[in-house]
Amino acid sequence: MTLERGREASKPKPVSLSELGDMKRRGQKIAMVTAYDAPSARLAEEAGLDIVFVGDSAANNVLGYEGTTAISIEEMLILARAARRGTHRAFFMIDMPLGTFQISDEDAVRNAVRFVKEAGADAVKLEGGGTSVSRARAIVAAGIPVMGHIGLTPQSATMLGGYRAQGRTAVKARQLFADALALQSAGCFAIVLEAVPARVAARITEALAIATIGIGAGVECDGQVLVWHDLLGINQGRLPRFVKQFAAVADETRRGLRAYVEEVRAGTFPTEAQTYAINDEEYALFESEIAPGVLAVDDWI
Ligand code: KIV
């Protein structure tokens with residue numbers, strides 16, 4: 001084996017669509033996380049995430065909007081390009097925000113193409129059953145893989161009566177089941193189940209040949225997704241029941257920022273270690289160059 005071939009062999013294999021399908025079949029759980037910039041995507045990859053996903057949750061987590069509905073396609077594209085630059089191994093996905101797929105199949109395909117061409121998406125995700133099934137079919141027919149998303153779909157939270165669990169009655173659970181099957185037959189390669197009772201999610205997972213990715217849908221889903229700012233403890237206060245915080249980044253950030261302010265005020269930062277030097281000879285020359293009468297004030301202008 002040549003050195004070059006050896007190097008290639010040691011490079012981690014990118015996660016492909018077929019690999020995600022195989023993971024479902026093998027019963028190997030899929031780990032997915034949102035990321036909205038290059039350093040976060042890099043860290044997610046390093047940690048072994050299978051899917052890096054630019055969610056429209058960037059709206060509230062990064063851009064300071066109230067919910068997810070206000071984010072524009074242009075804003076999504078800027079964040080997605082950044083996250084793409086940090087993603088090399090993981091499967092890279094972008095959310096289609098409100099207004100980019102609701103109008104028509106043609107419009108949905110046009111916008112999905114933008115995410116692929118302008119931000120390097122391997123796949124897109126779109127929310128909802130109903131007309132979203134037709135949109136998903138059209139995008140898949142254009143050659144772009146689609147992940148569905150049912151249950152609590154934040155883009156239509158007002159219609160759903162707020163941010164609350166879905167599918168808690170037999171009729172509503174049946175609707176979710178039907179939507180999941182319809183999205184699968186439209187060609188989706190996976191479906192997010194958000195805030196769905198664990199037993200309902202488990203039954204849907206069992207019925208589907210494609211993977212389910214749960215967020216508040218129990219452990220029987222084929223994979224899990226969480227929002228970056230929730231799982232790392234950047235978001236604090238009242239959080240959805242399904243969030244588990246695996247780190248306390250906000251606390252650590254506050255500690256670091258306070259220490260910085262203290263050291264700036266006390267004059268203990270920067271020290272020599274963070275300072276550049278000029279040798280004595282150059283410095284003496286510099287002093288002579290700026291001595292009164294040598295440098296005319298006009299030279300500065
Ligand atoms: O936008 C987002 O973060 C999402 C995930 C919750 C799946 O859609």
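Being a predicted model, the structure only gives us computed values, none of them experimental. When a ligand or atom number is given, it counts from 1 through the structure's own listing order.
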Engineer: For the aromatic rings, using the six-membered ring if either is Trp, is the centroid distance between Phe91 and Phe189 under 6.0 Å?
Structural biologist: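 Between Phe91 and Phe189, the centre distance is under 6.0 Å.
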Engineer: Do any heavy atoms of Lys125 fall under 4.0 Å from ligand 1?
Structural biologist: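 Contact present.
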Engineer: Under 4.0 Å, heavy atoms only, figure out whether ligand 1 is touched by the backbone of Thr34, its side chain, both or neither.
Structural biologist: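 The part of Thr34 near ligand 1 is the side chain, not the backbone.
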Engineer: Within ligand 1, which atoms have a heavy atom of His149 less than 4.0 Å away?
Structural biologist: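 This gives 8 (O) as the contact atoms.
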Engineer: Can you establish whether the number of heavy atoms outside Glu287 located under 6.0 Å from its atom CD is more than 12?
Structural biologist: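 Yes, enclosed.
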Engineer: With heavy-atom distances below 4.0 Å as the criterion, list the atoms of ligand 1 near Val227.
Structural biologist: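 In order of number, 3 (O).
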Engineer: Counting from 1, what ligand 1 atoms have a heavy atom of Ile215 closer than 4.0 Å?
Structural biologist: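 Those of ligand 1 that fall under 4.0 Å from Ile215 are 6 (C).
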Engineer: According to the interplanar angle, ranging from 0 to 90°, do the rings of Tyr36 and His229 count as parallel (below 30°), tilted (30 to 60°) or perpendicular (above 60°)?
Structural biologist: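 Tilted: the ring planes of Tyr36 and His229 meet at 30° to 60°.
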Engineer: As an exercise, identify every atom of ligand 1 less than 4.0 angstrom from a heavy atom of Asp95.
Structural biologist: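 Counting atoms of ligand 1 from 1, those under 4.0 Å from Asp95 are 1 (O), 8 (O).
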Engineer: Salt bridge or not for Glu252 and Arg255, using N-O below 4.0 Å?
Structural biologist: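 A salt bridge is present here (some side-chain N lies under 4.0 Å from a carboxylate O).
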Engineer: N/O to N/O below 3.5 Å, does that happen between Asp56 and ligand 1?
Structural biologist: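 Yes: some nitrogen or oxygen of Asp56 is under 3.5 Å from one in ligand 1.
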Engineer: Under 4.0 Å between a Lys/Arg side-chain N and an Asp/Glu carboxylate O for Glu220 and Lys29?
Structural biologist: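 Salt bridge absent between Glu220 and Lys29.
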Engineer: Answer yes when Arg84 and Asp122 have at least one side-chain N-carboxylate O distance shorter than 4.0 Å, and no when they do not.
Structural biologist: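 So Arg84 pairs with Asp122 through a salt bridge.
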Engineer: Which atoms of ligand 1 have any heavy atom of Phe53 under 4.0 Å away?
Structural biologist: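 Per the distance check, 2 (C), 4 (C), 5 (C), 7 (C), 8 (O).
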